[in-house]
Amino acid sequence: MIRVQPKLTSPLQAGSLPTRVPRLIAIGGGKGGVGKTFVTTNVAITLARMGHRVVAMDADLDGANLHTCLGVANPEISLADFVAGRVNEPAKLLIQTRESNLQLIAGTHSNLHQPQPDKTRRVELLRGLRRLDTDYVLIDLGAGSQPAALDYFLVANEGLLIMRPEPTSVENAYSFLRAAFYRRLRLAARGHGVRELVEEATDQRNEKGIRTPHDLMREIEAISPVEGRRLMHTMRAFRPRVVVNEARTAADIKLGFAVVSVCEKFFGFKADYLGYVNYQNEARESVSAREPLCDYKADSDAARYLSRIAAKLAGVPLSRRGEP
Ligand SMILES: Nc1ncnc2c1ncn2[C@@H]1O[C@H](COP(=O)(O)OP(=O)(O)O)[C@@H](O)[C@H]1O
Ligand SMILES: [Mg+2]
């Protein structure tokens, strides 16, 4: 019997393809000024120094400043070029930073407001990001709960929710989570009447009295147990990771645990407490000096906590367990 051998790809050809799909990590939080860019900068550099290849992308097109924090003064190309259709491949947006393993996709290269990519363009962008030959893509989100920010957060492998221990930040973080949760449900809902129910529930003053995602899931189950179970399964994959930044007291540190239990009780999904970063005077100085804190004050507590967060994201076991 003659066997037909399958045509093998030459090892050279195979070697020229990216060996794995990068892990996408979105850094959001709903509110401006809570430390999203600060965390992105220091975690990106720490991961790069651990030997991983990292791309940091600035998705904050209203107030792009990640490039400054990474020491790139005047980016010559940026995401704005992709949005405008001048560049079609995210790989062409990469800018080498001072760090050998770290590349940047800048937000804008002028100070003008740039629109977010529309839905189709966002899908193309995300597809391009997943094709990048790198280990991690960190996406620094802007403030607010616009669809673009929610989509990056939802499609990423990890969604980090940065909050400061103050009521306004906590409130915005919950609104962001709630909006992300409903968006994900709306995209996943198929059953008759279920999508409409999700739409209705997004209005907090809806007549059905649906106030929390938990209430909503109960309502869905009531009209369609099969769809309810399916969506419950989908939502289990939604696992935001909370970071408390600028912690000053023990109560601030405990905030992360409180948020995790609120998510479970009222939202019906699990969140993780990834860690906290203390308030560090030198953080502001480091931004003014255009140097990351992990260099400006390498032996500071905040630098240590940031590298602990990076290690957790990279799956490095920590020696001390049982703390965020
Ligand atoms: N742990 C911290 N301690 C002290 N200042 C901080 C800390 N984290 C961030 N900051 C300061 O807060 C300001 C806003 O942070 P930024 O990362 O730009 O916020 P966002 O990206 O969420 O808008 C920055 O000037 C930064 O230096
Ligand atoms: Mg920012």
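In each ligand, atom 1 is the first atom listed, and ligand 1 is the first ligand listed.
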Where is the nearest protein heavy atom to [atom]: which residue, which atom, and how far?
atom	result
atom 19 (O) of ligand 1	Gly35 N, 3.1 Å
atom 18 (O) of ligand 1	Thr37 CB, 4.1 Å
atom 17 (O) of ligand 1	Phe38 N, 2.8 Å

Assess whether a salt bridge exists between Lys208 and Glu200, defined as any Lys/Arg side-chain N lying under 4.0 Å from an Asp/Glu carboxylate O.
yes
field: Lys/Arg-Asp/Glu bridge criterion (N-O < 4.0 Å) met for Asp215, Arg218
entry: yes
| Under 3.5 Å: N/O of Asn65 near N/O of ligand 1 | no
**OP:** Could you tell me whether some N/O pair between Gly32 and ligand 1 is separated by less than 3.5 angstrom?
**Re:** no
Rounded to the nearest 0.5 Å, the CG atom of Asp140 sits from the CG atom of Leu66 at a distance of 5.0 Å
Distance col, row Tyr279:OH vs Arg164:CZ, nearest 0.5 angstrom, shows 9.0 Å
Could you work out, for [atom], the closest of [options] by heavy-atom distance?
atom	options	value
atom 6 (C) of ligand 1	Glu285, Glu282, Glu246	Glu246
atom 22 (O) of ligand 1	Lys36, Arg164, Gln280	Lys36
atom 25 (O) of ligand 1	Arg284, Met163, Lys31, Arg248	Arg284

Next on the checklist: Has Asp58 got a side-chain atom pairing as donor or acceptor with His67's backbone, closer than 3.5 angstrom?
Outcome noted: no
Note: Val287, heavy atoms under 4.0 Å from ligand 1, region reported as side chain
Distance to the ring centre below 6.0 angstrom and angle to the axis at most 45 degrees; does that hold for Arg178 and Phe267? no
Non-hydrogen side-chain atoms of [X] and [Y] separated by less than 4.5 Å:
X	Y	answer
Arg239	Asp272	yes
Asp252	Tyr276	no
Ser224	Arg190	no

Need the ligand 1 atom indices (1-based, order shown) with element for anything under 4.0 Å from a heavy-atom of [X].
X	result
Ala283	2 (C), 3 (N), 4 (C), 5 (N), 6 (C), 7 (C), 27 (O)
Val34	19 (O), 20 (P), 22 (O)
Asn245	1 (N), 2 (C), 7 (C), 8 (N), 9 (C)

Exercise. Side-chain heavy atoms under 4.5 angstrom apart, residues restricted to Ile, Leu, Val, Met, Phe, Trp, Tyr: same cluster for Tyr174 and Leu185?
Worked result: yes
inquiry  = When you group the ILVMFWY residues by side-chain heavy-atom contacts below 4.5 Å and let the links chain together, are Phe176 and Leu187 in the same group?
reply    = no
Residues at least two apart in sequence or cross-chain that pass salt bridge (charged side-chain N to carboxylate O under 4.0 Å, His left out) with Asp135, listed by chain then number, are Arg20, Arg53
side-chain contact (heavy atoms from CB on, under 4.5 Å) test vs Leu293 passes for just one of Val277, Ile45, Asn42, namely Asn42
For the Mg ion (ligand 2), protein N, O or S atoms at a distance below 2.8 Å amount to 1
I'd like to know whether ligand 1 has Gly33 as a neighbour, heavy-atom separation below 4.0 Å.
yes
Contact check, Asn278 vs ligand 1, heavy-atom distance below 4.0 Å: yes
